[in-house]
Amino acid sequence: MESLPHTSAPVLAAYSYCEAVTGQQARNFAYGIRLLPTPKRRAMSALYAFSRRVDDIGDGALAPDVKVARLEDTRALLARIRAGSVDEDDTDPVAVALSHAAAYFPVPLGGLDELIDGVLMDVRGETYETWDDLKVYCRCVAGAIGRLSLGVFGTEPGARGAERAPEYADTLGLALQLTNILRDVREDAAGGRTYLPADDLAKFGCSAGFDGSTPPPGSDFAGLVHFEVRRARALFAEGYRLLPMLDRRSGACVAAMAGIYRRLLDRIEREPEAVLRGRVSLPGREKAYVAVRGLSGLDARHVSRRTVRRRA
């Protein structure tokens with residue numbers, strides 16, 4: 001959908017607010033969605049702004065019971081959006097923009113309920129014994145975002161295997177979230193959170209946690225990071241099968257966002273202990289290169305060729 005019917009001034013203002021939030025607070029995400037046509041970019045900004053609100057509640061300094069109440073208030077707002085009962089002149093610009101986007105794109109808004117469920121897991125301080133346990137959390141906070149995004153992107157008419165597109169979008173979300181977890185391991189530890197599975201930590205002697213700029217004494221921290229990197233790479237490989245199912249600009253958006261995280265993963269793999277010293281990031285010029293590569297369709301063509309070889 002390259003254009004929408006006439007959009008009113010209040011709705012345009014609501015979208016502008018969401019785009020400002022996205023540009024200020026989601027640099028990697030913003031690099032990808034700028035490749036989309038205007039209606040899709042606006043819808044993605046509305047999804048991000050609502051998701052950011054949920055995340056900010058979970059990450060804030062409020063008492064746990066207050067966080068739970070705020071999250072349930074946000075869930076009630078989502079129910080109003082789903083019911084189509086948010087007016088264009090509502091005072092909440094995020095609600096106005098998301099309601100408008102959901103009216104024009106088949107966005108599975110239940111994914112935002114899943115996000116709220118995932119943030120509630122954070123508020124409760126849940127930890128994860130196994131990768132299967134952690135996958136439940138990752139599907140809530142990231143896989144659901146992949147499926148929501150697919151509602152905006154859509155799939156190309158006649159795309160082979162398109163019925164599996166939600167599965168691939170979900171898997172790509174897991175890949176991005178596991179990369180986030182590796183990148184933020186020190187920051188999360190400082191906040192009292194541990195996401196990596198307890199059985200993985202034990203296997204590599206890292207059960208003591210990460211409260212300093214060096215690995216726990218006697219641990220194989222590099223081994224742990226490389227183990228999780230291999231897991232993330234397998235998820236990326238599976239999730240990238242979504243790319244040939246998307247139109248050129250939607251595929252470019254996904255390839256750009258995923259490409260940035262894959263390069264982060266490369267950096268983490270090369271220097272595992274860097275994540276204990278600070279946040280690993282990419283310079284702007286490298287992000288721009290990834291965006292151009294995505295727009296060229298190189299990644300989508302590579303996945304298509306690989307899929308054809310497998311079938312042969």
Side-chain angles (χ1 to χ4, degrees), residues 25-32 55 58-59 61 118 121-122 125-139 141-143 171-240 256-291 293:
Q25 302 188 40
R27 302 295 174 83
N28 292 344
F29 188 81
Y31 262 94
D55 285 340
D59 292 338
M121 294 167 77
D122 281 335
E126 292 196 18
T127 55
Y128 308 96
E129 290 297 315
T130 68
W131 167 237
D132 284 342
D133 296 333
L134 180 59
K135 274 197 295 189
V136 174
Y137 170 78
C138 291
R139 285 211 159 94
V141 299
T171 300
L172 204 51
L174 264 64
L176 268 60
Q177 186 62 24
L178 183 53
T179 303
N180 268 337
I181 288 170
L182 287 172
R183 181 194 63 186
D184 298 340
V185 65
R186 171 75 185 278
E187 182 180 326
D188 289 334
R193 294 177 181 172
T194 301
Y195 291 103
L196 290 174
D199 59 0
D200 293 352
L201 296 175
K203 185 187 304 180
F204 293 95
C206 294
S207 296
F210 311 106
D211 57 358
S213 59
T214 57
S219 68
D220 181 11
F221 180 72
L224 171 67
V225 170
H226 291 152
F227 178 79
E228 303 298 349
V229 165
R230 288 193 296 274
R231 176 175 278 155
R233 287 194 191 286
L235 293 167
F236 273 116
E238 181 71 7
Y240 259 54
M257 287 189 286
I260 287 169
Y261 278 85
R262 285 184 70 186
R263 283 173 176 259
L264 279 174
L265 203 62
D266 290 342
R267 290 193 170 206
I268 292 168
E269 182 180 38
R270 286 196 300 269
E271 192 178 359
E273 292 187 23
V275 299
L276 297 178
R277 297 192 295 269
R279 174 170 286 206
V280 178
S281 61
L282 298 184
R285 64 182 180 277
E286 191 168 350
K287 293 179 183 179
Y289 167 77
V290 174
R293 180 183 171 90

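In this chain, numbering begins with 1 at the start of the sequence shown.
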What verdict does the side chain to side chain contact (heavy atoms under 4.5 Å, CB included) test give for Leu201 and Thr194, after you've listed the backbone C-alpha separation in whole Å, the side-chain angles of each residue and the deciding distance to 0.1 Å? CA-CA 10 Å; Leu201 296 175; Thr194 301; 3.8 Å; yes

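- Arg231 is listed as a side-chain neighbour of Asp200, based on a closest heavy-atom distance under 4.5 Å.
- With respect to Arg263 and Asp266, no salt bridge is recorded, no charged nitrogen being found less than 4.0 Å from a carboxylate O.
- For the salt bridge (charged side-chain N to carboxylate O under 4.0 Å, His left out) with Glu187, the lone residue among Arg279, Arg277, Arg193 that qualifies is Arg279.
- Between Asp122 atom CG and Asp59 atom CG the span is 7.0 Å, to the nearest 0.5 Å.
- Contact record, Gly239 with Thr171: N-CG2, 4.0 Å, taken as the closest heavy-atom pair.
- Residues Arg183 and Val280 approach most closely at CD-O, 3.4 Å, considering heavy atoms.
- Counting heavy atoms from C-beta outward, Arg139 and Leu174 have side chains that approach closer than 4.5 Å.
- Between Glu269 and His226, the shortest heavy-atom distance links the atoms O-NE2, 3.0 Å.
- Taken from CG in Leu178 to CD in Glu228, the straight-line distance is 5.5 Å, to the nearest 0.5 Å.
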Identify all side-chain donor-acceptor contacts of residues 209-224 below 3.5 Å with residues at least two apart in sequence or on another chain.
residue : atom : partner : partner atom : Å
Ser219  : OG   : Pro216  : O            : 2.7
Asp220  : OD1  : Gly223  : N            : 2.9

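- When all heavy atoms of Thr179 and Ala232 are compared, the closest pair comes out as OG1-CB, 4.3 Å.
- The minimum heavy-atom distance linking Cys138 with Ile181 is given by the pair SG-CD1, 4.2 Å.
- Looking only at side-chain heavy atoms (C-beta outward), Asp132 and Lys135 come within less than 4.5 Å of each other.
- At least one donor-acceptor pair closer than 3.5 Å links the side chain of Arg267 to the backbone N or O of Ser281.
- Remark: the backbone N or O of Thr130 is paired with a side-chain donor or acceptor of Asp133 at under 3.5 angstrom.
- Going from atom OG1 of Thr127 over to atom CE of Met121 covers 10.0 Å, rounded to the nearest 0.5 Å.
- By the 4.5 Å heavy-atom criterion applied to side chains, Leu182 and Val229 are counted as neighbours.
- In terms of heavy atoms, Gln177 sits closest to Ala142 at CB-CB, 3.5 Å.
- Under the ring-ring contact (aromatic ring centres under 6.0 Å, His included) criterion, Tyr137 pairs with Tyr128, Tyr195, sequence neighbours left out.
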